[in-house]
There are 2 protein chains.
Amino acid sequence: MQHSLKTIFPNFSNELITTIEENGSLQDFEAGTILMRTGQYIKNTVLIIKGKIKIYREGEDGGEFLMYYLQPGQACAISMICTAKSEKSQIMAKVVEDATVMMIPLQLMDKWMMEHRSWYEFVIETYRSRFEEVLEVVDNIAFRSMDERLEFYLKRHSDACGCSEVNLSHQEIATELNTSREVVSRLLKKMEQRGLVKLNRNQIELLNFNH
Amino acid sequence: MQHSLKTIFPNFSNELITTIEENGSLQDFEAGTILMRTGQYIKNTVLIIKGKIKIYREGEDGGEFLMYYLQPGQACAISMICTAKSEKSQIMAKVVEDATVMMIPLQLMDKWMMEHRSWYEFVIETYRSRFEEVLEVVDNIAFRSMDERLEFYLKRHSDACGCSEVNLSHQEIATELNTSREVVSRLLKKMEQRGLVKLNRNQIELLNFNH
DNA sequence: TTAGGTCTGTGATAAATGTTACTGTAGGAT
DNA sequence: ATCCTACAGTAACATTTATCACAGACCTAA
């Protein structure tokens with residue numbers, strides 16, 4: 001196997017790894033693919049092996065309000081929760097960097113909860129961390145103004161990729177924050193004047209982001 | 001036992017009910033009591049037997065941004081998620097109507113997942129429904145303007161209590177929506193002019209709310 | 001090189017929301 | 001009745017965010 005499951009999911013027991021390899025199906029998706037749509041029934045739990053997947057809420061006007069990103073070693077909490085009841089998805093999932101994922105049929109996801117302690121713990125931890133992340137999002141839109149939200153957004157991005165450059169256009173950022181490009185441009189300009197960022201085309205360098 | 005667990009939690013198996021009665025501790029709280037604070041470690045899972053508990057996010061300025069209400073037959077998803085890891089709470093829980101709750105120590109909550117199918121299903125369903133509710137909250141603040149949010153807020157209240165009167169002051173509503181009383185007063189007045197509500201002191205009657 | 005696209009910057013203006021200040025009213029306590 | 005307090009209404013103004021309009025910069029393909 002090209003990508004070792006054991007490396008990406010270090011907490012999984014060996015038997016669990018074997019079971020996943022036997023029963024899951026490994027699939028590749030190109031950037032831009034929509035893995036899950038609002039209102040769609042979910043049939044699989046998704047483990048991320050490679051790439052990056054954006055989980056967002058779609059507005060009527062085409063807004064793509066960012067909830068969080070999924071990276072290797074993570075799983076989609078929504079798909080886990082919904083599969084358990086075979087419910088409709090309430091969110092959208094889009095591949096933003098070419099991805100490899102492990103699809104696990106819903107019956108197994110449920111069955112393993114009882115059989116594999118490490119699976120159970122993984123699922124619970126996934127619920128917890130995603131719930132927390134969504135709560136933080138609520139905090140931001142409920143209590144903070146756009147400039148603070150933008151700073152938080154940039155920080156999340158740099159934390160996620162581990163680098164200090166964010167390669168996005170102002171329009172893309174605006175879409176994910178559900179505001180307009182002009183507002184983002186203006187706020188970024190102010191941040192540049194404060195020495196927080198350096199602006200290039202399609203790229204924002206974060207400078208003193210340790211406050 | 002004064003309140004029959006079996007009536008309030010009809011899906012629990014008989015053995016589970018017995019186990020809960022043996023191991024849980026029944027406690028009463030007066031309206032106004034804070035059951036859980038942001039940053040506090042959680043030691044128990046809470047099942048609601050009677051009353052109403054408000055789950056909210058606290059702003060720095062004292063805002064009490066409403067996430068959802070817990071009613072009899074429900075449980076606090078956050079406490080379940082956090083107990084599983086013995087993590088800090090990210091939210092506040094306040095009793096808004098005198099409540100009776102069953103406290104379940106964290107080790108048992110975890111143990112029962114393996115031993116009682118009906119407990120497992122209850123926990124999963126709790127996660128799912130709360131996650132969904134929070135997603136709906138995100139939807140509202142991300143995509144809707146204050147007048148729509150206010151309508152949604154009132155509808156949620158009347159749905160929750162099953163009646164068409166909401167007995168809250170404008171100030172209380174404003175606090176939960178993280179806006180100011182003046183804004184709420186203005187918007188309610190407009191709604192009254194549109195024939196959607198009738199305004200009384202400390203009470204809002206919903207009229208044609210079936211749209 | 002030129003043409004056409006995307007990305008960015010910025011002013012002018014509009015709309016929504018927040019803030020301040022003040023008024024009146026209802027109800028409870030004395 | 002009188003006083004006090006919480007609640008509600010509303011005008012004027014400030015601030016934030018959204019929208020419209022347009023110009024210049026950069027990139028790529030022909």
Side-chain angles (χ1 to χ4, degrees), chain A residues 31-32 59-66 139-154 157 165-206, chain B residues 31-32 59-66 96 138-154 157 165-206:
Chain A
E60 286 148 9
D61 55 347
E64 301 192 352
F65 192 86
L66 177 66
D139 251 28
N140 273 285
I141 41 181
F143 297 119
R144 317 238 171 263
S145 53
M146 202 43 95
D147 54 349
E148 291 176 292
R149 289 175 53 197
L150 179 57
E151 281 192 36
F152 181 77
Y153 174 89
L154 293 174
H157 260 272
E165 285 100 42
V166 177
N167 297 302
L168 293 169
S169 72
H170 297 183
Q171 182 59 66
E172 289 175 289
I173 296 172
T175 303
E176 300 204 326
L177 291 172
N178 194 46
T179 181
S180 64
R181 180 198 58 81
E182 293 90 328
V183 172
V184 172
S185 286
R186 265 199 281 268
L187 293 175
L188 281 173
K189 213 58 196 163
K190 278 189 203 161
M191 288 175 67
E192 189 174 43
Q193 283 156 13
R194 285 195 291 148
L196 288 174
V197 295
K198 183 164 179 318
L199 301 179
N200 306 309
R201 193 187 170 83
N202 273 314
Q203 189 191 63
I204 299 158
E205 288 174 51
L206 311 192
Chain B
E60 286 148 9
D61 54 348
E64 301 194 353
F65 191 85
L66 176 66
V96 288
V138 171
D139 250 29
N140 273 287
I141 39 181
F143 296 120
R144 317 240 170 261
S145 53
M146 200 47 94
D147 54 349
E148 292 176 293
R149 288 174 53 196
L150 179 58
E151 280 193 36
F152 181 79
Y153 174 88
L154 293 175
H157 262 271
E165 286 100 42
V166 177
N167 298 302
L168 293 168
S169 71
H170 297 184
Q171 182 58 67
E172 288 175 289
I173 297 172
T175 303
E176 300 206 326
L177 291 172
N178 195 47
T179 179
S180 66
R181 179 194 61 79
E182 292 87 334
V183 172
V184 171
S185 286
R186 262 202 292 264
L187 295 176
L188 281 174
K189 212 61 196 160
K190 278 190 204 161
M191 286 175 68
E192 189 174 44
Q193 282 155 14
R194 285 194 291 148
L196 288 175
V197 295
K198 182 163 181 319
L199 301 179
N200 306 309
R201 193 185 170 84
N202 272 318
Q203 189 191 64
I204 299 160
E205 288 174 51
L206 311 193

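Lettering follows sequence order; numbering is per chain, from 1.
The list of salt bridge (Lys or Arg N to Asp or Glu O under 4.0 Å) pairs with a residue in residues 165-175 of chain B, not counting sequence neighbours, is empty.
Extent of DNA chain D lying under 4.0 Å from chain B heavy atoms, first and last nucleotide in 5' to 3' order, is dA6(D) to dA12(D). For DNA chain C, the span of nucleotides reached by chain A at under 4.0 Å from its heavy atoms goes, 5' to 3', from dT6(C) to dA12(C).
Evaluation of the side chain to side chain contact (heavy atoms under 4.5 Å, CB included) rule for Asp147(B) yields Ser145(B), Leu187(B) as partners, not counting sequence neighbours. For Asp139(B), the side chain to side chain contact (heavy atoms under 4.5 Å, CB included) criterion is met by Arg57(A), Phe143(B), not counting sequence neighbours. A search for side chain to side chain contact (heavy atoms under 4.5 Å, CB included) contacts involving Asn200(A) returns Lys198(A), Gln203(A), Glu205(A), not counting sequence neighbours. For Ser185(B), the side chain to side chain contact (heavy atoms under 4.5 Å, CB included) partners at least two apart in sequence or on another chain are His170(B), Arg181(B). For Glu60(B), the side-chain hydrogen bond (donor to acceptor under 3.5 Å, both in side chains) partners at least two apart in sequence or on another chain are Arg144(A). Applying the side-chain hydrogen bond (donor to acceptor under 3.5 Å, both in side chains) rule to Glu182(A) yields no partners; only residues at least two apart in sequence or on another chain are considered.
Between Asn200(A) and Thr179(B), the residue anchored nearer the 5' end of DNA chain C, judged by the nucleotide with its closest heavy atom, is Asn200(A). In terms of position along DNA chain D, the nucleotide closest to Met146(A) lies nearer the 5' end than the nucleotide closest to the other residue of the pair Met146(A) and Arg181(A). If Gln193(A) and Ser180(B) are placed on DNA chain C by their nearest nucleotide, the residue sitting closer to the 5' end is Gln193(A).
No engagement by Leu188(B) is indicated, since no non-hydrogen atom pair under 4.0 Å with the nucleic acid exists.
The pair Arg149(A)-Glu176(A) fails the salt-bridge criterion, with no side-chain N (NZ, NE, NH1 or NH2) lying under 4.0 Å from an Asp/Glu carboxylate O.
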